Amino acid sequence: MLRLERPFFSRATLQVARELLGQRLVRLEAGRRLAGYIVETEAYVGEDDLGCHAKAGRTPRTLPMYGQPGLVYVYFTYGMHWMLNFVTERVDFPAAVLIRAIFPSEGIAAFARRRAPRPRSLWADGPAKICQALAIDGQMNKIDACDPQSLLFVEEGLKIPDSGVTIGPRVGLYSVPEPWKSIPWRFCVNNLPMVLRQQCTISAKPAPDGGDLSPSRS
DNA sequence: AGCACGATTAACT
DNA sequence: GTTAATCGTGCTC
């Protein structure tokens with residue numbers, strides 16, 4: 001249960017995005033722990049990255065990305081969805097890692113309450129689904145994930161070897177110009193270790209659909 | 001003040 | 001594969 005501290009986030013965004021794979025995202029809600037292993041991330045790096053919100057410079061919306069590493073950046077999009085990011089690098093340099101998918105591991109009942117009756121493999125396999133499942137919205141914007149009091153943070157989880165990671169272009173950047181549209185700043189875990197699946201199956205009440213958790217889009 | 005668009009999802013043909 | 005839902009943000013007039 002070792003919480004990731006500020007030095008973890010105070011590094012190159014690509015490295016943070018890669019190393020967040022396999023770590024545990026934890027949300028405390030009414031004294032309960034909801035958690036899942038991070039299996040997909042994307043890096044958004046600086047004002048020059050035209051796929052990054054910070055291309056607009058310092059605005060009310062992008063301000064959190066200019067803050068200290070370890071801050072949470074939550075934003076609203078498509079009129080209905082929230083997205084979760086962790087700020088990286090250093091103060092005054094706008095960069096963050098988008099959490100795109102997790103594998104639910106604790107607080108399954110709470111996940112189910114918000115995501116059932118969908119198949120379990122669809123509970124948190126998208127950035128907006130994670131926020132729905134973990135009750136994350138704009139109220140969590142700008143909180144510090146490295147504050148011991150924080151209700152949202154990351155814990156040390158599993159080591160994912162390079163052989164278990166697929167790297168590719170970021171998703172959903174339709175009108176972003178090259179090279180930003182295709183630059184391979186997305187990191188995915190290919191498939192979870194068997195240990196994890198068993199653990200997850202046991203803790204689940206209804207029969208899970210057992211499918212593998214590879215991120216859907218590619 | 002008005003506009004185009006979005007780091008998506010779910011439902012549909 | 002296609003499309004509606006739905007509204008904050010940043011930009012232009």
Side-chain angles (χ1 to χ4, degrees), chain A residues 9 12-14 16-18 20-21 25 36 38-67 69 71-89 93-104 111-142 145 152 154 166-189 209 211 213-218:
Chain A
F9 299 98
T13 308
L14 293 188
V16 176
R18 163 63 180 86
L20 274 173
L21 294 179
L25 177 65
I38 296 171
V39 294
E40 183 182 356
T41 61
E42 281 176 1
Y44 289 87
V45 190
E47 297 178 349
D48 296 337
D49 172 7
L50 296 185
C52 179
H53 291 158
K55 66 174 185 254
R58 206 182 284 249
T59 69
R61 183 204 212 189
T62 63
L63 204 54
M65 280 198 282
Y66 290 82
L71 285 190
V72 169
Y73 169 41
V74 179
Y75 68 89
F76 184 68
T77 191
Y78 289 104
M80 64 193 88
H81 298 306
W82 296 99
M83 308 278 158
L84 169 66
N85 302 254
F86 291 100
V87 174
T88 58
E89 309 224 8
F93 183 84
V97 173
L98 172 70
I99 307 301
R100 287 195 60 91
I102 66 173
F103 185 80
F111 274 90
R113 187 171 355 111
R114 299 198 179 90
R115 297 294 300 161
R118 298 167 184 80
R120 191 167 165 166
S121 59
L122 302 182
W123 282 1
D125 64 329
K129 300 181 191 181
I130 293 172
C131 290
Q132 191 198 337
L134 300 183
I136 292 166
D137 64 17
Q139 292 192 349
M140 308 209 91
N141 192 31
K142 302 181 189 175
L152 182 64
V154 186
T166 298
I167 301 176
R170 296 174 294 182
V171 177
L173 307 186
Y174 300 102
S175 61
V176 170
E178 298 291 0
W180 310 111
K181 184 176 188 166
S182 303
I183 198 165
W185 285 357
R186 176 177 180 232
F187 301 83
C188 299
V189 175
D209 62 305
L213 195 73
S214 305
S216 36
R217 279 167 295 276
S218 54

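Every chain is numbered from 1, with letters handed out A, B, ... down the list of sequences. If you're wondering where the values come from, they're calculated on a predicted model, not measured in any experiment.
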Side chain A/Tyr75 and base B/dA7 donor-acceptor under 3.5 Å: yes

Counterpart residues, side chain to side chain donor-acceptor pair (under 3.5 Å), relative to A/Asp49 (two or more places apart): A/Arg170

Set of side chain to side chain donor-acceptor pair (under 3.5 Å) partners for A/Arg113, sequence neighbours left out: none

Partners passing ring-ring contact (aromatic ring centres under 6.0 Å, His included) against A/Phe76 (at least two apart in sequence or in another chain): A/Trp82

Please state whether the phosphate of [N], meaning OP1 or OP2, lies under 4.0 angstrom from any side-chain nitrogen or oxygen of [X].
{"X": "A/His53", "N": "B/dA7", "answer": "yes"}
{"X": "A/Arg118", "N": "B/dT9", "answer": "no"}
{"X": "A/Arg61", "N": "C/dG10", "answer": "no"}

Taking the side chain of [X] as heavy atoms from C-beta outward, which of [options] is closest to it?
{"X": "A/Ala128", "options": "B/dT9, C/dC7, B/dA7", "value": "B/dT9"}
{"X": "A/Met80", "options": "C/dT6, B/dA10, B/dT8", "value": "C/dT6"}
{"X": "A/Lys129", "options": "B/dA7, B/dT8, B/dT9", "value": "B/dT9"}
{"X": "A/Thr62", "options": "B/dA10, B/dT9, C/dG10", "value": "C/dG10"}
{"X": "A/Phe76", "options": "B/dT8, B/dA7, C/dC7", "value": "C/dC7"}

Euclidean distance, A/Thr41 OG1 relative to A/Trp185 CH2, rounded to 0.5 Å: 13.0 Å

For atom [atom1] of [X] and atom [atom2] of [N], their distance in whole Å:
{"X": "A/Leu50", "N": "C/dG10", "atom1": "CG", "atom2": "C1'", "result": "15 Å"}
{"X": "A/Glu47", "N": "C/dG10", "atom1": "CD", "atom2": "C1'", "result": "14 Å"}
{"X": "A/Ile136", "N": "B/dT8", "atom1": "CD1", "atom2": "C1'", "result": "16 Å"}
{"X": "A/Asn141", "N": "B/dA7", "atom1": "CG", "atom2": "C1'", "result": "15 Å"}
{"X": "A/Arg100", "N": "B/dA7", "atom1": "CZ", "atom2": "P", "result": "11 Å"}
{"X": "A/Tyr78", "N": "C/dG8", "atom1": "OH", "atom2": "P", "result": "16 Å"}
{"X": "A/Asp137", "N": "B/dT8", "atom1": "CG", "atom2": "P", "result": "19 Å"}
{"X": "A/Ile130", "N": "B/dA7", "atom1": "CD1", "atom2": "C1'", "result": "12 Å"}

How would you label the contact of [X] with the nucleic acid (heavy atoms, under 4.0 Å): base, sugar-phosphate, or nothing?
{"X": "A/Arg115", "answer": "sugar-phosphate"}
{"X": "A/Gly172", "answer": "sugar-phosphate"}
{"X": "A/Leu98", "answer": "base"}

Pairs under 3.5 angstrom only: tabulate donor-acceptor contacts from the side chains of residues 176-183 of chain A to other protein residues two or more places apart or in another chain.
{"residue": "A/Glu178", "atom": "OE1", "partner": "A/Ser182", "partner atom": "N", "Å": "3.2"}
{"residue": "A/Glu178", "atom": "OE1", "partner": "A/Ser182", "partner atom": "OG", "Å": "3.0"}
{"residue": "A/Glu178", "atom": "OE2", "partner": "A/Ser182", "partner atom": "OG", "Å": "2.7"}
{"residue": "A/Lys181", "atom": "NZ", "partner": "A/Tyr174", "partner atom": "O", "Å": "2.9"}

side-chain contact (heavy atoms from CB on, under 4.5 Å) against A/Gln132, all qualifying residues, sequence neighbours excluded: A/Arg115

5′-ward residue of the pair A/Leu173/A/Gln132 relative to DNA chain B: A/Leu173

A/Val189 and its side-chain contact (heavy atoms from CB on, under 4.5 Å) partner, picked from A/Val39, A/Thr166, A/Ile38: A/Val39

Shortest non-hydrogen contact between A/Met140 and A/Val72, atoms and distance: O-CG1, 3.5 Å

DNA chain B: stems of at least 3 consecutive Watson-Crick or G-U pairs whose donor-acceptor distances fall under 3.5 Å: B:1-6 with C:7-12, B:8-12 with C:1-5

